[in-house]
There are 2 protein chains.
Amino acid sequence: MTRTLTGSERDRFVAALRQEIGDSAVSTEPDDLATYGRDWTKVFDPAPMAIAFPRRTEDVVEIVRRCADDGIAIVPSGGRTGLAGGAVAARGELVVSTERMRDLGAVDTRALTLRAQAGAVTAAVHAHCEPHGVTWPVDFASKGSSQIGGNIATNAGGVKVIRYGLTRQWVLGLEVVTANGDVLELGGALEKNNTGFDLRQLFIGSEGTLGIITGATLKLTRVPGHLDVLLFAVPDLAGVLRLFDAARVGPFVISAFEFFTDRCFARLARHRALSMPLETPSSHYVLLEVEAHDRGALERWLESLFERDLILDGTLAQSAGQGRALWELREGISESLSATGMPHKNDIALPIATLDAFVSELDAVFTKEWPRFEICLFGHIGDGNLHVNVMKPDDMPKAEFLAHAHESDAAMFELVRKHHGSISAEHGVGLLKKDFLGYSRSPAELEMLRAIKRTLDPEGLLNPGKIL
Amino acid sequence: MTRTLTGSERDRFVAALRQEIGDSAVSTEPDDLATYGRDWTKVFDPAPMAIAFPRRTEDVVEIVRRCADDGIAIVPSGGRTGLAGGAVAARGELVVSTERMRDLGAVDTRALTLRAQAGAVTAAVHAHCEPHGVTWPVDFASKGSSQIGGNIATNAGGVKVIRYGLTRQWVLGLEVVTANGDVLELGGALEKNNTGFDLRQLFIGSEGTLGIITGATLKLTRVPGHLDVLLFAVPDLAGVLRLFDAARVGPFVISAFEFFTDRCFARLARHRALSMPLETPSSHYVLLEVEAHDRGALERWLESLFERDLILDGTLAQSAGQGRALWELREGISESLSATGMPHKNDIALPIATLDAFVSELDAVFTKEWPRFEICLFGHIGDGNLHVNVMKPDDMPKAEFLAHAHESDAAMFELVRKHHGSISAEHGVGLLKKDFLGYSRSPAELEMLRAIKRTLDPEGLLNPGKIL
């Protein structure tokens with residue numbers, strides 16, 4: 001079991017660690033403790049004992065062994081852009097930041113692979129690949145800060161999942177330091193390797209609770225050709241789904257199918273002074289991005305949507321600038337909700353077949369129980385992922401709102417369970433969702449998760465209290 | 001621990017099981033024991049105690065609980081097309097065949113999902129999807145017999161991996177019966193579900209040693225458009241790889257990049273009386289299948305290969321019939337090797353960057369140590385996967401050949417380890433490769449595999465002796 005050190009014990013531990021991995025590689029500065037002890041959730045007060053900045057895998061091994069000897073809990077830390085508290089250190093843990101481990105190997109254009117240290121920033125990986133006409137297709141709003149190791153530890157999603165899948169599909173090899181200080185090289189640079197259980201996949205998405213990811217061999221893909229961006233107005237969620245059906249058989253490859261409601265747009269318009277490029281106002285909007293090899297066929301498909309009454313209005317961007325402007329309508333939502341009020345966020349997934357029924361039932365529950373709450377819905381409909389934002393009424397005290405939001409979460413998660421959905425589609429569990437895990441995992445599954453945690457980390461050294 | 005029953009104990013067990021899951025659901029017929037006790041390896045003598053044919057997941061639960069009570073080992077069994085002995089029952093085990101569990105749900109064309117029982121045959125899944133213009137893109141030679149559950153348990157590969165990845169990318173949800181009889185519903189029909197360790201991925205590829213897969217929600221994709229098939233002659237393996245580089249940046253999506261040597265072709269020509277459609281003879285041939293949206297661009301690319309001296313000869317199939325004929329050159333190899341001699345098979349993977357060096361070193365070792373062995377090389381070069389077939393010299397006794405082959409395997413696996421490859425790319429480990437597992441997994445990894453096995457199956461009930 002891990003424990004909290006006294007002040008003098010901490011000083012001795014820090015001094016010994018500095019001797020091993022370098023003076024500048026360990027910080028106890030209050031600013032650093034505050035910064036590296038939290039992630040984007042900002043719900044928990046940070047209180048780490050110190051921050052370690054290893055440069056090499058061997059440093060991480062040394063850190064883990066010392067922590068194991070002294071019973072000190074470790075919080076692995078990447079770009080700290082997580083939204084579930086997975087990188088929060090609030091109980092005297094040692095934070096192990098990978099930010100100085102950011103070496104990138106040469107891009108292998110034949111095998112389409114790239115070796116990266118865990119601390120490499122996602123956008124830096126993209127920039128490193130770009131001159132070669134290839135990319136690592138994991139792409140989301142926080143890519144300027146998020147790190148490869150954190151992406152892998154949380155199995156990050158994003159806007160391109162409908163085309164490329166989640167992070168776990170784009171990792172061939174993984175270097176992991178285990179709780180007893182072993183370095184595992186899992187999978188290497190191989191696409192195919194059926195030699196026993198895939199430990200690599202077990203570590204991906206385990207949020208730092210089973211091992212510390214120190215490096216990876218990333219699988220790359222060619223940069224897609226020209227992407228067309230379209231925006232549509234449809235009357236309701238059923239209309240969104242009918243449009244999705246039409247897009248599924250359209251003359252193109254879908255790279256994003258995103259939706260948002262008029263409530264989201266109203267707050268975006270207020271915050272960023274943007275206007276809607278469609279003439280027909282509606283309650284539901286869809287952004288579609290496609291790779292079309294035949295522009296004429298794309299235009300005919302668009303015309304057919306009007307003829308088939310599948311859309312109220314629609315537009316196809318005629319330039320890269322127009323395409324970016326349409327994307328801003330979708331990508332500016334999250335910031336605009338926070339700028340114009342206080343959102344309580346959830347990130348859920350439903351089987352697409354049940355989305356319409358789920359949202360109807362959710363509306364009914366809120367209308368009855370919490371009629372003053374405004375729900376702002378947006379998300380990656382194409383893969384069943386809804387971001388549900390409940391906005392605090394301006395005249396309601398924060399504490400009262402949070403108490404109600406806790407109740408409404410439980411009501412929503414009941415509906416999620418009923419429809420066989422997930423309480424956390426892409427954000428993970430961390431600290432924020434762990435009380436609700438039972439809505440998505442059965443008692444037998446939870447027992448198996450705990451058993452695996454005990455097997456791989458019997459002393460509870462790695463990110464204790466997260467997920468389980 | 002499991003044990004072997006006496007004759008009367010066996011009779012009592014079978015009678016009790018019949019009462020529970022039906023008279024016709026348990027067989028002790030010698031023909032059935034011989035058939036269901038082996039897979040395609042044909043190396044081990046089958047000796048199961050009985051064969052159970054459950055129809056429902058509840059039957060499997062009942063079987064597992066009774067076996068757990070009586071200490072009887074279970075061998076989960078699908079289409080038995082495995083090539084590593086993973087479905088062999090040679091030590092009095094109860095074989096649990098899923099072949100009567102073959103229900104398929106409705107194709108969800110919106111979500112692109114399909115629910116299938118484990119015993120559904122791969123080709124039946126393809127046929128079920130075809131009218132909807134979608135498919136499950138797991139495709140290989142034994143698809144007429146192999147079952148979904150076995151594909152998932154072995155993480156099957158095949159000729160389309162370069163485009164679609166392995167089976168593990170095409171399974172959204174998994175129903176598994178655990179060693180203590182719990183039924184886990186993992187992942188549901190969700191693309192996104194980050195709620196703790198991905199147990200689904202842990203079961204995929206575990207060869208029936210951690211749980212019995214009884215059903216799955218498969219992820220589907222649209223059937224690709226027209227596929228063009230090309231055949232090339234190149235001077236050597238380096239030439240194969242240079243051609244691969246050119247294909248990587250060609251005006252198309254690659255759906256297969258396969259290679260074979262003249263030795264493979266000579267045996268194919270002998271067995272099936274086929275002729276080579278290229279005029280220039282060579283030692284190395286490449287079959288390329290692509291989805292090209294611009295036929296003119298494809299033809300110009302082909303011309304440029306001649307101009308750049310990247311190929312000795314090449315042809316583009318002008319009809320579907322010609323395309324099938326080119327594919328027969330590749331897909332007929334395995335059968336032709338067995339028909340014209342006795343092949344000793346290996347299925348290895350290397351990082352593509354090391355393929356050329358590996359094959360040179362392999363040739364040198366064989367020339368020096370086993371000069372009379374003919375090596376027939378073919379495989380899915382695009383994902384680093386080589387099928388290495390060592391042919392028995394006609395005048396060498398079988399026992400002598402097998403003894404030498406065992407030595408040459410060890411020498412080859414040393415080279416595989418040196419180049420960070422895998423001793424089993426897609427066939428798995430089963431019984432046949434378990435002695436060599438240490439060439440691809442470190443002692444720390446092996447210990448972790450064993451610990452996970454102990455955690456999920458403490459009594460060693462499920463497929464004991466396989467992998468580990």
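Side-chain atoms are counted along with the backbone in the values below, which use heavy atoms only and exclude waters and symmetry mates. Chain letters run A, B, ... following the sequence lines, proteins first and then strands; every chain starts at 1.
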A.B. asks: With a 4.5 angstrom heavy-atom cut-off, which part of B:R248 approaches chain A: side chain, backbone, both or neither?
C.D. replies: both

A.B. asks: Of the backbone (N, CA, C, O) and the side chain (C-beta and beyond), which part of B:V249 lies under 4.5 Å from a heavy atom of chain A, both, or neither?
C.D. replies: backbone

A.B. asks: Counting only heavy atoms closer than 4.5 Å, note whether B:T154 contacts chain A via side chain, backbone, both or neither.
C.D. replies: backbone

A.B. asks: By a 4.5 Å heavy-atom criterion (distance strictly below it), what part of B:L437 contacts chain A: side chain, backbone, both, or neither?
C.D. replies: side chain

A.B. asks: Within the 3.5 Å criterion, strictly below it, is a donor on A:S440 or B:T195 matched to an acceptor on the partner's side chain?
C.D. replies: no

A.B. asks: So, do B:L186 and A:E445 sit near enough that their side-chain heavy atoms are less than 4.5 Å apart?
C.D. replies: yes

A.B. asks: In terms of heavy-atom proximity below 4.5 Å to chain B, should A:T221 be classed as side chain, backbone, both, or neither?
C.D. replies: neither

A.B. asks: Based on non-hydrogen pairs under 4.5 Å, which of B:G188, B:G430, B:G196, B:A189 is most in contact with chain A?
C.D. replies: B:G196

A.B. asks: Quick check for you: to the nearest 0.5 Å, what is the distance between B:L199 atom CG and A:M448 atom CE?
C.D. replies: 6.5 Å

A.B. asks: Once you round to the nearest 0.5 Å, how far does CD1 of B:I381 lie from CZ of A:R110?
C.D. replies: 10.0 Å

A.B. asks: Shorter than 4.5 Å, heavy atoms on both sides: which option in A:T354, A:L166, A:T109, A:I162 has the most such pairs with chain B?
C.D. replies: A:L166

A.B. asks: Counting heavy-atom pairs under 4.5 Å with chain B, which one of A:G157, A:A84, A:G250, A:G173 comes out on top?
C.D. replies: A:G250

A.B. asks: Among the options A:L355, A:I467, A:D245, pick out the one with the most heavy-atom pairs lying under 4.5 Å from chain B.
C.D. replies: A:D245

A.B. asks: Let me know if A:L241 has heavy atoms under 4.5 Å from chain B in its side chain, its backbone, both or neither.
C.D. replies: both

A.B. asks: With chain B, which of A:E185, A:E426, A:H420, A:E191 has the greatest number of heavy-atom pairs at distances under 4.5 Å?
C.D. replies: A:E426

A.B. asks: Is B:A247 in contact with chain A via its backbone, its side chain, both, or neither, using a 4.5 Å heavy-atom distance?
C.D. replies: backbone

A.B. asks: Find the one option among B:L190, B:D198, B:V429 whose heavy-atom pairs under 4.5 Å with chain A are most numerous.
C.D. replies: B:L190

A.B. asks: Heavy atoms only, distances under 4.5 angstrom: which of B:T113, B:L172, B:L456, B:I423 has the most pairs with chain A? Name it, please.
C.D. replies: B:L456

A.B. asks: Rounded to the nearest 0.5 Å, what's the gap from CG on A:L112 to CD1 on B:I352? Could you check?
C.D. replies: 7.5 Å

A.B. asks: Counting heavy-atom pairs under 4.5 Å with chain A, which one of B:G428, B:G205, B:G187 comes out on top?
C.D. replies: B:G428

A.B. asks: Heavy-atom distances under 4.5 Å only: say whether A:N155 touches chain B with side chain, backbone, both or neither.
C.D. replies: both

A.B. asks: B:F244 versus chain A, heavy atoms under 4.5 Å apart: side chain, backbone, both or neither?
C.D. replies: side chain

A.B. asks: Using non-hydrogen atoms and a 4.5 Å limit, figure out which bit of B:H293 sits close to chain A: side chain, backbone, both or neither.
C.D. replies: side chain

A.B. asks: Let me know if B:D383 has heavy atoms under 4.5 Å from chain A in its side chain, its backbone, both or neither.
C.D. replies: both

A.B. asks: Name the member of B:T455, B:L446, B:D294 that forms the most heavy-atom pairs with chain A at distances under 4.5 Å.
C.D. replies: B:T455

A.B. asks: Identify which part of B:R454 has an atom lying under 4.5 Å from any heavy atom of chain A, answering side chain, backbone, both or neither.
C.D. replies: neither

A.B. asks: As an exercise, state the distance from CZ of B:F197 to CD of A:Q201, rounded to the nearest 0.5 Å.
C.D. replies: 14.5 Å

A.B. asks: Give the member of A:A425, A:S422, A:A451, A:G421 that has the highest number of heavy-atom pairs under 4.5 Å with chain B.
C.D. replies: A:A425

A.B. asks: Given side chains that start at C-beta, do those of B:K192 and A:H380 come closer than 4.5 Å, heavy atoms only?
C.D. replies: yes

A.B. asks: Once rounded to the nearest 0.5 Å, what's the spacing between atom CG of A:L184 and atom CZ of B:R441?
C.D. replies: 9.0 Å

A.B. asks: Under a 4.5 Å heavy-atom cut-off, does chain B meet the side chain of A:L468, its backbone, both or neither?
C.D. replies: side chain

A.B. asks: Do you know which of B:A349, B:G165, B:G225 has the most heavy-atom pairs under 4.5 Å to chain A?
C.D. replies: B:A349

A.B. asks: Given a strict heavy-atom distance threshold of 4.5 Å, which part of B:R222 is in contact with chain A: side chain, backbone, both, or neither?
C.D. replies: side chain

A.B. asks: Is chain B contacted by the side chain of A:D108, its backbone, both, or neither, given a heavy-atom distance below 4.5 Å?
C.D. replies: side chain

A.B. asks: Between B:L210 and chain A, which part of the residue has a heavy atom less than 4.5 Å away: side chain, backbone, both or neither?
C.D. replies: side chain

A.B. asks: Between CG of B:N194 and CG of A:D347, what distance do you get to the nearest 0.5 Å?
C.D. replies: 8.5 Å

A.B. asks: Does the side chain of A:I452 come within less than 4.5 Å of B:L202's, by heavy atoms?
C.D. replies: yes

A.B. asks: Is chain A contacted by the side chain of B:D182, its backbone, both, or neither, given a heavy-atom distance below 4.5 Å?
C.D. replies: side chain

A.B. asks: Answer with side chain, backbone, both or neither: which region of A:F203 has an atom nearer than 4.5 Å to a non-hydrogen atom of chain B?
C.D. replies: side chain

